[in-house]
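Residue numbers run from 1 in the order of the sequence given.
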Amino acid sequence: MLVEKMAVKKFLDTYPRELFEESFKIVFNDKLKEEIKVGEGEVGFTIILNESFNKKDFLKDPSIVLGEAYMDKKIEVEGDLYKCLSMIMHIRKELLEKIKTLEKNEPRRNDVSKEKQDQEVKSHYDLGNDFYKLWLDETMNYSCAYFKNPDDTLYQAQSNKVNHIINKLQLKDGMSLLDIGCGWGDLLIVAAKKYNIKGTGITLSQEQYKGFKSRIEEEGLEDRLDVKLMDYRDLKDSKLLFDRVVSVGMIEHVGMKNYGLFLDNVKAVLKTKGVFLLHFISGGKESGTDKWIDKYIFPGGVIPSLREIIFKGVDRDFNVIDVESLRRHYIKTLLCWHDNFTKEEDTVKEMFDERFVRMWGLYLLACAANFNVGGIDLHQIVFTNGVNNTLAMTR
């Protein structure tokens, strides 16, 4: 492990120690059992290096190498993994510059065919409803919650989020609402009960389709709600028309080249002066996809920048009437999910294996850490189809 030990020491010697926000230790689990402490005061976490890495692989793909090393226990973290990941995210840019990686990200995916997107969506969302029920709350909302009060439970925060969106849509009794990428349907169910709307949800996930279909029947809402296995690209020729359209956490799957196509299909089914709310993970700049996330969690996923979505919307005569960041809410959402997931680790291990448990826990906390340092954001944009001066002037 001599090469790695020397490299770590060299990096720590050249990196300003005051920029490390947490005090931590690095333990080299070799014959010498050498330890390095960084920072003053109580140690927040300890990084244990159990095995050496191939230097060439690490320089080329640090995200893949470190992610897989954690999954395979080549790296272990004792103490607060979230603090550890936040520290890594905080120094990531300078770290990448120092080690001069050959590739920092996968290039942005330009095009995602129907067949490819169907496979990619199912690889994540069709892990099984029983799996997601273990760590999501009762609403089965798998997107950023909205914590109106610091002591809100996850269930309360997800209910807050749904009502926050519904209020922004300014629904009225009897309106029609389309949810693109509807998940397990909670938003449409709440809207149907609260405003007597006629709602349609579309998804590519067989598991979500079955789960939402079952909930519609359980709630006795067959006369008001419908769910379809449908690609967003088929909306244009569907002859459907809606007063309102919403999409929560779905545009991240369509690919950069298809953002305009996605918005064209929204416009095709949204009435003139209708309202469209888009809720999505966003980037400050256009960037590539993290390789570990692309390989293990969200194949083909691309995070749009806020500006490119707004520009493409305006180009299609969508009028922007509200933009809101919920970045800090997503940090807390992910930490709540991780707490729930941790409680069910034994069950998840039986469903999959220990490597999956480590992978999924890393995913949840790495995302929380990235939101924490501002590497990614979460925005809700409210558009109208053309100018609409009749809406209430409140959020």
TODO: On the 0 to 90° scale, with breaks at 30° and 60°, tag the Trp337-Trp135 ring pair as parallel, tilted or perpendicular.
DONE: perpendicular
- [ ] Assign the ring pair Phe298 / Tyr125 to parallel, tilted or perpendicular, where the plane angle (0 to 90°) is split at 30° and 60°.
- [x] tilted
Considering only distance and modelled atom types, tabulate donor-acceptor pairs under 3.5 Å from the side chains of residues 209-223, sequence neighbours left out.
{"residue": "Lys210", "atom": "NZ", "partner": "Glu207", "partner atom": "OE2", "Å": "3.1"}
{"residue": "Ser214", "atom": "OG", "partner": "Glu218", "partner atom": "OE2", "Å": "3.2"}
{"residue": "Arg215", "atom": "NH1", "partner": "Thr139", "partner atom": "O", "Å": "3.2"}
{"residue": "Arg215", "atom": "NH1", "partner": "Trp184", "partner atom": "O", "Å": "3.4"}
{"residue": "Arg215", "atom": "NH2", "partner": "Asp186", "partner atom": "OD1", "Å": "3.3"}
{"residue": "Glu219", "atom": "OE1", "partner": "Lys193", "partner atom": "NZ", "Å": "2.7"}
{"residue": "Glu219", "atom": "OE2", "partner": "Lys193", "partner atom": "NZ", "Å": "3.4"}

TODO: Indicate whether the side chain of Asn196 and that of Arg224 have a donor and an acceptor atom separated by less than 3.5 Å.
DONE: yes
Indicate if [X] and [Y] have the same hydrophobic cluster label, given that clusters are the connected sets of ILVMFWY residues with side-chain heavy-atom separations under 4.5 angstrom.
X: Tyr363; Y: Leu127; result: yes
X: Leu334; Y: Leu134; result: yes
X: Ile331; Y: Ile293; result: yes
X: Leu391; Y: Leu270; result: no
X: Ile309; Y: Val323; result: yes

Open item on the list: I'd like to know if Glu78 pairs up with Lys25 as an ion pair, taking the criterion as any Lys NZ or Arg NE/NH1/NH2 lying under 4.0 Å from an Asp or Glu carboxylate oxygen.
Closed with: no
Task: Salt bridge flag under 4.0 Å for residues Asp234 and Lys236 - done: no
Minimum heavy-atom separation for [X] to [Y], with atom names?
X: Ile381; Y: Leu306; value: CD1-CD1, 3.7 Å
X: Gln208; Y: Asn129; value: N-OD1, 4.2 Å
X: Ala145; Y: Leu154; value: CB-CD1, 4.4 Å
X: Met89; Y: Ala366; value: CE-O, 3.4 Å
X: Asp377; Y: Leu326; value: OD1-N, 4.4 Å
X: Asp152; Y: Asn160; value: OD2-ND2, 3.0 Å

Value rounded to 0.5 Å, distance of [atom1] in [X] from [atom2] in [Y]:
X: Ile165; Y: Leu187; atom1: CD1; atom2: CG; answer: 5.5 Å
X: Asp353; Y: Lys349; atom1: CG; atom2: NZ; answer: 9.0 Å
X: Cys144; Y: Phe280; atom1: SG; atom2: CZ; answer: 12.5 Å
X: Ser63; Y: Ile88; atom1: OG; atom2: CD1; answer: 10.5 Å

Task: From CA spacing to verdict: ring-ring contact (aromatic ring centres under 6.0 Å, His included), His124, Tyr142 - done: CA-CA 12 Å; His124 185 91; Tyr142 186 26; 5.7 Å; yes
When you look at [atom1] of [X], are more than 12 heavy atoms from neighbouring residues, nucleotides or ligands closer to it than 6.0 Å?
X: Asp315; atom1: CG; answer: yes
X: Lys194; atom1: NZ; answer: yes
X: Arg355; atom1: CZ; answer: yes

If only atom types and distance count, is the side chain of [X] paired as donor or acceptor with the main-chain N or O of [Y] below 3.5 Å?
X: Lys295; Y: Ile64; value: no
X: Ser86; Y: Lys83; value: no
X: Asp179; Y: Gly201; value: no
X: Glu324; Y: Leu378; value: no
X: Asn50; Y: Lys73; value: yes
X: Glu76; Y: Tyr70; value: no
X: Asp290; Y: Trp292; value: yes
X: Asn149; Y: Asp151; value: no
X: Arg316; Y: Gly260; value: yes
X: Asn258; Y: Val254; value: yes

Which residues pass the ring pair (Phe, Tyr, Trp, His ring centres under 6.0 Å) test with [X], sequence neighbours left out?
X: Phe356; value: Phe131, Phe352, Trp360
X: Tyr146; value: His164, His329
X: His338; value: none
X: Tyr155; value: none

- [ ] Using side-chain contact (heavy atoms from CB on, under 4.5 Å) as the criterion, point out the one residue from Leu177, Asp173, Val190, Ile166 that pairs with Tyr195.
- [x] Ile166
Open item on the list: Whether Lys33 engages the ring of Phe28 as a cation-pi pair (distance to the six-membered ring centre under 6.0 angstrom, angle to the ring normal within 45°) should be assessed.
Closed with: no
Open item on the list: When you measure from the centre of the six-membered ring of Tyr259, is the NZ or CZ of Lys312 closer than 6.0 Å and no more than 45° off the axis?
Closed with: no
- [ ] Starting from the C-alpha separation in whole Å, work towards a yes-or-no answer on side chain to side chain donor-acceptor pair (under 3.5 Å) for Asn388 and Thr390.
- [x] CA-CA 6 Å; Asn388 185 340; Thr390 66; 2.6 Å; yes
Could you tabulate the donor-acceptor pairs under 3.5 Å formed by side-chain atoms of residues 242-251, not counting sequence neighbours?
{"residue": "Asp243", "atom": "OD1", "partner": "Lys271", "partner atom": "NZ", "Å": "3.0"}
{"residue": "Asp243", "atom": "OD2", "partner": "Ser176", "partner atom": "N", "Å": "2.9"}
{"residue": "Asp243", "atom": "OD2", "partner": "Ser176", "partner atom": "OG", "Å": "3.0"}
{"residue": "Arg244", "atom": "NE", "partner": "Leu169", "partner atom": "O", "Å": "2.5"}
{"residue": "Arg244", "atom": "NH2", "partner": "Gln170", "partner atom": "O", "Å": "3.2"}
{"residue": "Ser247", "atom": "OG", "partner": "Ile180", "partner atom": "O", "Å": "3.0"}

- [ ] I would like to know whether Tyr232 and His253 meet side chain to side chain donor-acceptor pair (under 3.5 Å); could you show each step before the answer?
- [x] CA-CA 11 Å; Tyr232 73 90; His253 296 286; over 6 Å; no
- [ ] May I have the step-by-step check of side chain to side chain donor-acceptor pair (under 3.5 Å) for Ser143 and Lys161, ending in yes or no?
- [x] CA-CA 9 Å; Ser143 56; Lys161 184 268 298 294; 2.7 Å; yes
